[in-house]
Amino acid sequence: MWNDKKVVKVLEILADYTASWNRPYVERVGEKRDPFQLLIACILSLRTKDEVTARAARNLFSQASTPASLLTLDEKKIAQLIYPVGFYRKKARTIRDISLILLKKYNSRVPDNWEGLLSFPGVGRKTAALVLSQGYGKPAICVDTHVHRITNRWGLVKTKNPEETEKALMEIVPADYWQKINPLLVIFGQRTCKPISPFCSACPLRKDCQKVGVTIHR
DNA sequence: AAAACGGGGGC
DNA sequence: GCCCCAGTTTT
């Protein structure tokens with residue numbers, strides 16, 4: 001059964017296994033760029049793949065990368081820059097709305113706490129957690145679909161609700177590993193523990209995994 | 001051609 | 001809890 005020691009061991013196996021792989025764009029943004037760009041990249045990444053997000057974000061940031069400079073672009077222009085992420089009109093609007101609130105109420109500084117982040121339009125627990133953990137180095141568990149899917153496959157958690165996954169993980173994962181989970185499971189989820197046709201035969205954890213919801217096994 | 005994919009919000 | 005949002009990728 002799962003306990004804190006087993007979780008840590010699994011995370012270390014995965015860190016080894018994925019050590020030489022390129023890191024995803026969004027989960028890497030916080031290491032190199034400011035929380036604002038990380039936040040905007042998170043908005044772009046909603047329901048869109050990492051590579052598409054990366055192209056859109058670089059495109060957008062080449063034109064404007066602060067709340068004030070983004071506000072000089074109208075929604076149409078932003079939409080054009082971030083195409084073809086899904087929901088690009090809605091996201092263009094959200095990006096402007098967030099920029100305006102930041103400029104007016106936060107002196108252009110992204111909040112570093114749950115309450116502040118969750119008060120923004122288009123920001124839910126996943127985005128807030130990623131900004132906290134990757135942008136500010138605070139201990140938050142960011143449950144995106146990779147984390148949700150993979151921990152359920154393992155049998156570490158058993159729920160359809162990402163918020164319950166977050167709670168369950170907070171119970172069992174030592175706090176100094178909270179920030180590592182998301183980047184690690186995202187990279188692992190993109191290349192091995194994929195939503196469809198996961199490469200179970202190449203997975204270092206295949207013996208322990210309960211393969212919950214695995215669609216096609218090869 | 002059709003199904004799968006991925007967060008948040010509004011109801 | 002259910003459904004919508006709009007595009008790309010995979011089958």
Side-chain angles (χ1 to χ4, degrees), chain A residues 23-30 35 37-60 75-102 110-111 114-135 140-153 157-167 169 181-200 202 211-218:
Chain A
R23 311 208 64 195
Y25 175 78
V26 172
E27 282 69 21
R28 194 188 52 187
V29 168
Q37 290 185 19
L38 177 59
L39 176 57
I40 298 304
C42 283
I43 299 299
L44 293 176
S45 79
L46 297 187
R47 302 199 69 176
T48 95
K49 297 229 185 316
D50 187 67
E51 317 83 67
V52 182
T53 303
R55 269 183 273 135
R58 285 194 254 266
N59 221 16
L60 180 64
E75 271 176 43
K76 270 220 173 90
K77 178 66 177 168
I78 294 176
Q80 177 198 322
L81 286 167
I82 64 179
Y83 185 89
V85 296
F87 313 108
Y88 55 93
R89 286 189 207 91
K90 189 178 183 179
K91 286 175 185 175
R93 225 168 97 66
T94 302
I95 287 169
R96 272 194 122 261
D97 291 346
I98 289 177
S99 297
L100 190 61
I101 297 170
L102 276 170
V110 176
W114 282 103
E115 301 75 14
L117 285 165
L118 290 175
S119 74
F120 282 77
V123 176
R125 294 196 67 81
K126 181 258 177 178
T127 301
L130 196 65
V131 170
L132 286 175
S133 71
Q134 306 299 306
I141 296 183
C142 174
V143 178
D144 64 359
T145 64
H146 290 293
V147 175
H148 189 57
R149 177 183 72 255
I150 294 168
T151 52
N152 272 284
R153 279 181 178 170
V157 300
K158 289 175 182 160
T159 171
K160 290 263 174 256
N161 182 348
E163 211 167 320
E164 280 180 33
T165 295
E166 188 189 336
K167 277 186 197 158
L169 290 176
I181 292 177
N182 183 267
L184 205 47
L185 294 202
V186 168
I187 190 174
F188 177 61
Q190 286 173 346
R191 293 188 41 173
T192 301
C193 199
K194 300 190 296 178
I196 304 170
S197 295
F199 293 126
C200 297
K211 298 180 175 59
V212 178
V214 168
T215 46
I216 302 161
H217 179 213
R218 66 185 203 200

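In this text the structure is predicted, and so the values were computed from the model without any measurement. Lettering follows sequence order; numbering is per chain, from 1.
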Look only at the side chain of [X] and the backbone of [Y], and say whether a donor-acceptor pair between them is shorter than 3.5 Å.
X	Y	result
A:Asp144	A:Lys126	no
A:Arg149	A:Cys193	yes
A:Asn182	A:Ile141	no
A:Lys91	A:Leu44	yes

Does the side-chain contact (heavy atoms from CB on, under 4.5 Å) test come out yes or no for A:Val143 and A:Arg125, once each step is laid out?
CA-CA 8 Å; A:Val143 178; A:Arg125 294 196 67 81; over 6 Å; no
Under 3.5 Å, N/O pairs linking protein and nucleotides 8-10 of chain C:
none

Specify the separation, in whole Å, of atom [atom1] of [X] and atom [atom2] of [N].
X	N	atom1	atom2	result
A:Ile43	C:dA6	CD1	P	16 Å
A:Lys160	B:dG6	NZ	P	13 Å
A:Leu117	B:dG8	CG	C1'	15 Å
A:Phe87	C:dC5	CZ	P	9 Å
A:Asp144	B:dC5	CG	P	14 Å
A:Arg93	C:dC5	CZ	C1'	13 Å
A:Leu39	B:dG8	CG	C1'	14 Å
A:Arg89	C:dC5	CZ	P	12 Å

Identify each donor-acceptor pair in which a side-chain atom of residues 81-89 of chain A lies under 3.5 Å from a protein atom, sequence neighbours left out, and give them as a table.
none

Which whole number of Å gives the distance between the P atom of C:dC3 and that of B:dA4?
16 Å
Side chain to side chain donor-acceptor pair (under 3.5 Å) with A:Glu75: which residues, sequence neighbours excluded?
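A:Glu75 satisfies side chain to side chain donor-acceptor pair (under 3.5 Å) with no residue once adjacent residues are dropped.
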Identify, with sequence neighbours excluded, every residue that meets side chain to side chain donor-acceptor pair (under 3.5 Å) alongside A:Thr94.
none
Determine the contact category for A:Arg149: base if any of its heavy atoms lies under 4.0 Å from a base atom, sugar-phosphate if only primed atoms, P, OP1 or OP2 are that close, otherwise nothing.
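The answer is sugar-phosphate, as A:Arg149 gets under 4.0 Å only of primed atoms, P, OP1 or OP2.
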Using the side chain to side chain contact (heavy atoms under 4.5 Å, CB included) rule, pick out the option among A:Asn152, A:Val157, A:Ile181 that qualifies with A:Val147.
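Result for side chain to side chain contact (heavy atoms under 4.5 Å, CB included) with A:Val147: A:Ile181.
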Using a 3.5 Å limit on both pairing distances, list the dot-bracket string of DNA chain B from the 5' end; Watson-Crick and G-U wobble pairs count, crossing pairs take [ ], interstrand pairs take |.
|||||.|||||
Is it the case that atom CZ in A:Arg96 sees more than 12 heavy atoms from other parts of the structure closer than 6.0 Å?
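For A:Arg96, atom CZ is crowded (more than 12 foreign heavy atoms under 6.0 Å).
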Is there a residue in residues 120-130 of chain A whose heavy atoms reach under 4.0 Å of DNA chain B, and which residues are they?
A:Phe120, A:Pro121, A:Gly122, A:Val123, A:Gly124, A:Arg125, A:Lys126, A:Thr127
Going by heavy atoms in the side chains, are A:Ser45 and A:Glu27 under 4.5 Å from each other?
no
Among the candidates C:dC5, B:dG6, B:dG8, find the nucleotide nearest to the side-chain atoms of A:Leu46.
B:dG8
